[in-house]
Amino acid sequence: MKKGITKRSEDFSRWYTDVIIGARLADYSPVKGCMVIRPNGYSLWEKMQSYLDKMFKETGHENAYFPLLIPESFLEKEAEHVEGFAPECAVVTHGGGKKLEEPLVIRPTSETIIWAMFKKWIMSYRDLPLLINQWCNVLRWEMRTRLFLRTTEFLWQEGHTAHATAEEAEEETLRMLNVYQTFAQDYAAIPVLSGRKSDREKFAGALHTYTIEALMQDGKALQAGTSHNLGQNFAKAFDVTFQDQHGKQQLVYATSWGMSTRMIGALIMTHGDDQGLVLPPRLAPLQVVFIPIFKGKEGHGEILSYIEKIAASLDGEISYRVDAREEYTPGWKFNEWEQAGVPIRIEAGPRDLQRGQVVAVRRDTGEKINLPEDSVKDKVREVLDEIQTLLYRRALGFREENTTKVNDYGTFQEVVSGQGGFIYAHWCGDPECEDQIKQETMATIRCIPLESEVDRGVCVRCGNQSDERVYFAKAY
RNA sequence: CGGGACGUGGCGCAGUCUGGCUAGCGCACCUGAAUGGGGUUCAGGGGGUCGGAGGUUCAAAUCCUCUCGUCCCGACCA
């Protein structure tokens with residue numbers, strides 16, 4: 001008997017929502033487009049934060065915090081930036097019961113206020129590079145929202161750096177793209193394609209944008225992190241200059257990069273199954289759950305102390321919990337913890353106690369393994385690693401199966417509307433073609449690979465010369 | 001903003017067309033007992049005035065008018 005979760009094959013969107021509700025990651029809030037992140041979801045976010053934060057620090061960045069409210073005029077300083085963000089900004093017009101002299105925008109991203117501050121802090125080349133990150137919430141007034149994927153308010157991290165040269169800025173942009181890629185693959189077990197965005201898809205105000213793109217189980221792509229080379233656009237807009245070694249005033253070069261709670265959506269849609277959430281062990285807030293199997297009224301205490309003893313041997317290295325609730329049956333608990341995505345479940349009942357073993361069950365494969373009492377710790381550690389690896393391989397296999405090299409527009413349209421996935425095809429570089437393709441097929445350019453082998457061909461849409469292939473897909 | 005649908009205990013719904021019994025069901029919740037290796041069973045129990053306002057009527061969840069809200073589809077997007 002199954003209830004609660006819609007099958008993926010039946011309705012992927014509903015499945016996605018069911019998984020989130022079932023795993024208690026989040027819930028709908030009274031405010032349209034906003035969500036409440038519940039403890040299960042938030043602890044997952046904290047786990048992500050801790051790894052990312054460590055990587056940011058290792059690459060020389062420091063955390064800081066800038067205000068939520070930004071003078072409206074700041075947003076207007078960089079032409080392309082205004083155009084990109086103005087429509088989705090929430091604006092505060094009143095405060096303290098009075099109309100404000102200048103409206104304040106709730107940050108949709110913090111480039112403007114940060115660069116207003118950078119102007120004060122950067123005088124000389126000795127002040128560079130300036131490497132700042134902030135963890136915060138941002139607000140974007142979206143038309144259509146979905147839990148974790150697109151909500152009006154979301155949590156993220158935004159890095160903002162200032163450099164003396166264009167080369168350094170570019171290097172930084174790619175370095176952070178690489179951090180994101182490492183995080184996605186090694187921690188979230190999500191294979192990603194990295195590359196550059198087309199001009200149409202790039203960040204408003206950037207010279208160019210790099211992205212990591214993941215493929216979800218329904219064949220749609222999801223942008224999971226972006227890194228922007230902002231060139232001197234914001235330095236110009238906010239007049240941020242420094243004096244170089246030769247005494248000359250120069251404009252500063254900038255980057256910014258971000259990863260958001262959307263990553264949780266990516267996690268769900270990459271690894272989840274019809275039973276619910278499946279978490280990669282490295283990000284799972286809870287890695288092992290112990291479930292005592294009681295028989296009759298007697299002996300509950302013995303089973304529990306048997307479990308407690310074994311569980312205690314994991315302490316410090318592996319996060320676990322003992323679910324000793326009496327009011328639920330084992331089967332009920334199995335389902336509940338499966339929905340929550342816990343990587344390993346360990347059952348122990350009278351039979352196990354007698355044999356001096358426990359039964360471990362893998363969330364990813366459902367495989368049951370008998371573990372002798374004294375080998376639990378080593379074995380669990382080993383299986384967690386295996387799960388981590390398998391999840392990545394499985395996802396990678398899926399992406400490979402769903403990446404199609406296409407040479408003509410007919411096939412292109414067929415694949416987009418049929419199988420979906422990534423389509424690796426020639427594009428001439430003309431935004432006009434890109435637009436046409438989007439209108440006709442709903443597919444967009446997800447990324448232009450950084451180093452593609454020279455592969456001469458013709459644009460799928462217009463037939464003009466093309467030297468490289470790009471990845472197309474329908475996207476979230 | 002355009003097209004469609006829907007608002008009835010916490011959640012999901014029936015009842016509305018064809019006004020009329022005490023507004024019903026499933027899940028969840030509470031109490032008790034048995035059960036316990038894949039959502040256990042039985043018994044008992046609490047909780048709604050039908051999104052809101054107005055109107056028609058002897059009588060409105062049901063008909064009419066207005067209003068508010070939500071969801072889905074499209075134009076925008078980490």
RNA chain B nearest-nucleotide lookup for A:F203 and A:I293: closer to the 5′ end is A:I293

On RNA chain B, more 5' by nearest nucleotide between A:G33 and A:V359 is A:V359

Under a 4.0 Å heavy-atom cutoff, the residues of residues 348-358 of chain A touching RNA chain B are A:G349, A:P350, A:R351, A:D352

Length of the [atom1]-[atom2] vector between [X] and [N], whole Å:
X: A:I346; N: B:G38; atom1: CD1; atom2: C1'; value: 17 Å
X: A:Q134; N: B:A78; atom1: CD; atom2: P; value: 18 Å
X: A:Y28; N: B:C71; atom1: OH; atom2: C1'; value: 10 Å
X: A:W337; N: B:G39; atom1: CH2; atom2: C1'; value: 15 Å
X: A:Y328; N: B:A34; atom1: OH; atom2: P; value: 19 Å
X: A:L371; N: B:G37; atom1: CG; atom2: P; value: 20 Å
X: A:E326; N: B:A34; atom1: CD; atom2: C1'; value: 13 Å
X: A:M143; N: B:A75; atom1: CE; atom2: P; value: 11 Å

[X] side-chain proximity, nearest of [options]:
X: A:K295; options: B:G37, B:A78, B:G39; result: B:G37
X: A:V361; options: B:G37, B:A78, B:G38; result: B:G38
X: A:E88; options: B:C76, B:A78, B:G39; result: B:C76
X: A:N335; options: B:A78, B:G38, B:U40; result: B:G38
X: A:F334; options: B:G36, B:C76, B:G37; result: B:G37

Can a salt bridge be assigned to the pair [X] and [Y] using a cut-off of 4.0 Å between side-chain N and carboxylate O?
X: A:E386; Y: A:R362; answer: yes
X: A:K54; Y: A:E58; answer: yes
X: A:R175; Y: A:E171; answer: yes
X: A:E338; Y: A:R345; answer: yes
X: A:R461; Y: A:E440; answer: yes
X: A:K333; Y: A:E327; answer: no

If you look at every strand shown and take non-hydrogen atoms under 4.0 Å, does [X] touch a base, only sugar-phosphate, or nothing?
X: A:Q223; result: sugar-phosphate
X: A:H228; result: nothing
X: A:G296; result: base
X: A:L149; result: base
X: A:T151; result: base

Mind checking the [atom1] distance from [N] to [M]? Whole angstroms is fine.
N: B:G2; M: B:G51; atom1: C1'; value: 25 Å
N: B:U70; M: B:A33; atom1: C1'; value: 43 Å
N: B:G10; M: B:C30; atom1: P; value: 16 Å
N: B:U40; M: B:C21; atom1: C1'; value: 38 Å
N: B:G74; M: B:C64; atom1: P; value: 31 Å
N: B:A59; M: B:C13; atom1: C1'; value: 27 Å
N: B:C63; M: B:G20; atom1: P; value: 11 Å
N: B:G9; M: B:A14; atom1: P; value: 13 Å

Here the helical stems involving RNA chain B, each at least 3 consecutive Watson-Crick or G-U pairs closer than 3.5 Å, sorted by first residue number, are B:1-7 with B:68-74, B:10-13 with B:24-27, B:29-34 with B:40-45, B:51-55 with B:63-67

Does A:K297 make a side-chain N or O approach to OP1 or OP2 of B:U35 shorter than 4.0 Å?
no

Query raised in the report: Between A:T329 and B:U40, is there a side-chain N or O to OP1/OP2 distance below 4.0 Å?
Result: yes

Of A:F154, A:Y51, A:W135, the one forming a ring-ring contact (aromatic ring centres under 6.0 Å, His included) with A:W45 is A:W135

Given the options A:Y409, A:F422, A:F412, A:F472 meets ring-ring contact (aromatic ring centres under 6.0 Å, His included) only with A:F412

Does the base of [N] carry an N or O that pairs as donor and acceptor with the side chain of [X] under 3.5 Å?
X: A:Q339; N: B:G39; answer: yes
X: A:E338; N: B:G38; answer: yes
X: A:R345; N: B:G37; answer: no

- Is the A:H208-A:F203 ring centre distance short of 6.0 angstrom? no

Residues passing the side-chain contact (heavy atoms from CB on, under 4.5 Å) test with A:E80, sequence neighbours excluded, are A:E78, A:K202

Residues 65-74 of chain A side chain polar contacts: donor-acceptor under 3.5 Å, at least two apart:
residue: A:Y65; atom: OH; partner: A:R107; partner atom: NH1; Å: 3.4
residue: A:Y65; atom: OH; partner: A:R107; partner atom: NH2; Å: 2.7
residue: A:S73; atom: OG; partner: A:E102; partner atom: OE2; Å: 2.7

Would you check if the side chain of [X] reaches a backbone N or O of [Y] as a donor-acceptor pair within less than 3.5 Å?
X: A:T151; Y: A:F148; value: no
X: A:D18; Y: A:T6; value: yes
X: A:H271; Y: A:A188; value: yes

Residue pairs passing the side-chain hydrogen bond (donor to acceptor under 3.5 Å, both in side chains) test with at least one member in residues 288-303 of chain A, sequence neighbours excluded, are A:H300-A:E326

Kindly give the atom pairs (protein nitrogen or oxygen, nucleotide nitrogen or oxygen) under 3.5 Å for nucleotides 3-9 of chain B.
none

Report yes if the ring of A:F154 lies under 5.5 Å from the six-membered base ring of B:A78 with planes under 30°, and no otherwise.
yes

